[in-house]
There are 2 protein chains.
Amino acid sequence: MKFLSEENPDHQRTFEIINEGLSKKAVVVVVACCTVNYDGRARSKLGAGDRMVMIKSDGSFMVHQNINLEPVNWQPPKSNCSAVLKDGNIILEGSRRSPPERLQVVIHKTYVASYYNGKDNKDLELTGYEENMREMIFKTPDIIEEGFRPSTKEYPTSTGFIDVLGKDKNGNVVVLELKSRRAGINAVKQLKRYLDDFSDHKEFVRGILVAPSVTDDAAELLEGFKLEFKPLDPPREFGADKNLTLDFFSKTQDTKT
Amino acid sequence: MKFLSEENPDHQRTFEIINEGLSKKAVVVVVACCTVNYDGRARSKLGAGDRMVMIKSDGSFMVHQNINLEPVNWQPPKSNCSAVLKDGNIILEGSRRSPPERLQVVIHKTYVASYYNGKDNKDLELTGYEENMREMIFKTPDIIEEGFRPSTKEYPTSTGFIDVLGKDKNGNVVVLELKSRRAGINAVKQLKRYLDDFSDHKEFVRGILVAPSVTDDAAELLEGFKLEFKPLDPPREFGADKNLTLDFFSKTQDTKT
DNA sequence: CCATATATTTCGGCG
DNA sequence: CGCCGAAGTATATGG
């Protein structure tokens, strides 16, 4: 892998390193004292402080403070990023046309300037969210209840799309609202609204909230609306042909019991 | 500012640098070839590739690929982060108890290992969002319409909180739904639901969606529901005592006209 | 390109 | 600590 890293470069050198990195479509990482301004979807300013600035090869641009997972300021992928020397400072700018917005980082002192051109063709394999739940329910409907038969996914109503529509063993229409995480009152209200859209129908319609768990408020509300709750965790298995040799996941399993 | 950065350190040295950084409550930045596993709220795995790994002083832990603004894997602030040497690899782990989750980064080859202990006591000043709109409306209600008088913010209803409640010059009750960005049909539906909660009242109640703009669908829906739309941009002024000497914002203003 | 829905959302605020 | 709501949300997907 190609990379370059220099400590305490002067402005001229920092400027060279950043431009070299940008022109090589590398990932540029700079640790520096800087001020930051943003104008676009909102507007912000940030006084001088030590931060990490990163510009990725796709135009992602972010400024990280010492705390928080999220960058304090950023510019999304495909932003137009450039560096200029001006008035004895380095000015990094990232901008977009639509929506019109601009991020400006004024570098006062650089501690580390670096870039790297790494190889990474791996995609993340992720499991355990709502779509996985839906797949699982269509594959093994009995996990909802014995005799349940799903018919339609993303059934349209005037208020939105019903996650899963089906019938129970007695032929009653059943509306499922899926949540991959603990469900709150909003999930219950949403399910209620879907059912209200079925109120034209003379037939009885069941509404079931399917989620790992619900908040107390949500449970009360379910009761009040005569709706049901089916506890169900999203599946956590990866594709069959993909095995993980590390003992990481089995160990994690231990910690959770 | 204190910092340390080394190129191509061996595992032992990488291990030392990371631990030094962690113990000093510094921000640790490592560029390395690594594999990543996560198990907790969801579950994921990522094969070997070159990435940037950062651990902040508050326990924020992230792994960045060459593209995308968001880290491919992460662990939120207050995570318990540590490094161990095992089987000729360095294993970085970040974990939490609640919710139970664990992120593991196995480092195969380190290109740059570094940490820095930067000073940054500056808070971001941000303007142009929903709360600013509400403040502005209470300060100068006439921007909604002549004679409008707001009375309550976050007025509770059975379906949620009304952003702003007030009366017009004729004494009609007015419900405002605020959006700092372009409003879609969901904003309209929400406003409609709030109004329906007022349907017990015999008096006429107006509903106004206040936002910079609306989608075409939303505009149609407003018409159908006999609701109104008031175009209003969130204010973009900073607190009065805070001035920005840079010409950044005025320049941006130019680009937008 | 616009609009919708999900997210390991994160983050702040309140109880 | 859990819940709720907003976000410059980001990101994928469908029209």
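Convention: sequence-line order gives letters A, B, ...; per-chain numbering from 1.
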Answer yes or no: is there a donor N or O on one side and an acceptor on the other, between the side chain of [X] and the main chain of [Y], under 3.5 Å?
X        : Y        : value
B:Arg96  : B:Gln75  : no
B:Asp58  : A:Asn68  : yes
A:Lys179 : A:Val214 : no
B:Arg236 : A:Arg43  : no
B:Gln65  : A:Lys122 : yes
A:Lys230 : A:Ile208 : no
A:Ser60  : B:Ile67  : no
B:Ser79  : B:Cys81  : no
A:Thr152 : A:Leu165 : no
B:Arg134 : B:Val164 : no

Quick check with a 6.0 Å cut-off and a 45 degree axis cone: is B:Lys45 positioned over the face of A:Phe238's six-membered ring?
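Positive - B:Lys45 is close enough to the ring of A:Phe238 and near enough to its axis.
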I want to check something: taking the side chain as every heavy atom from C-beta on, are A:Val53 and A:Phe61 in contact at a cut-off of under 4.5 Å?
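They are in side-chain contact.
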Taking the side chain as everything from C-beta on, heavy atoms only, tell me whether A:Arg181 gets closer than 4.5 Å to A:Tyr129.
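A side-chain contact exists here, since the closest heavy-atom pair is under 4.5 Å.
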Got a list of protein N/O to nucleotides 13-15 of chain D N/O distances below 3.5 Å?
none

I need the [atom1]-[atom2] distance between [X] and [N], as an integer number of Å.
X        : N      : atom1 : atom2 : answer
A:Phe61  : D:dT9  : CZ    : C1'   : 18 Å
A:Asp39  : D:dG8  : CG    : C1'   : 10 Å
A:Glu177 : C:dA5  : CD    : P     : 11 Å
B:Met62  : D:dA10 : CE    : P     : 16 Å
A:Leu46  : D:dG8  : CG    : P     : 14 Å
B:Lys153 : D:dA6  : NZ    : P     : 13 Å

If you take any heavy atom closer than 4.0 Å to DNA chain D, which residues from residues 132-141 of chain A end up in contact?
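When residues 132-141 of chain A is checked for heavy atoms under 4.0 Å from DNA chain D, there are no hits whatsoever.
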Give the residues of residues 212-225 of chain A touching DNA chain D, defined as any heavy atom closer than 4.0 Å, sorted by residue number.
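DNA chain D contact set from residues 212-225 of chain A: A:Thr215, A:Asp217.
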Starting at the 5' end of nucleotides 7-15 of chain C, put B wherever the base has a protein heavy atom under 4.0 Å, S where only the sugar-phosphate does, and a dash everywhere else.
SBSSSS---
Lys/Arg N to Asp/Glu carboxylate O, B:Asp197 vs B:Arg193, below 4.0 Å
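No, this pair does not count.
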Quick check on D:dG2: is either OP1 or OP2 less than 4.0 Å from any side-chain nitrogen or oxygen of B:Ser98?
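Affirmative; the distance criterion is met.
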Is any side-chain N or O of A:Asn186 closer than 4.0 Å to OP1 or OP2 of D:dC3?
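Checking A:Asn186 against D:dC3: no side-chain N or O falls below 4.0 Å of OP1 or OP2.
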Going by side chain to side chain donor-acceptor pair (under 3.5 Å), name the residues that satisfy it together with A:Lys56, two or more places apart in sequence or in a different chain.
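Result, side chain to side chain donor-acceptor pair (under 3.5 Å) vs A:Lys56: B:His64.
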As a check on the pairing definition, encode DNA chain C in dot-bracket form, counting Watson-Crick and G-U wobble pairs whose two distances are under 3.5 Å, and using | for partners outside this strand.
|||||||.|||||||
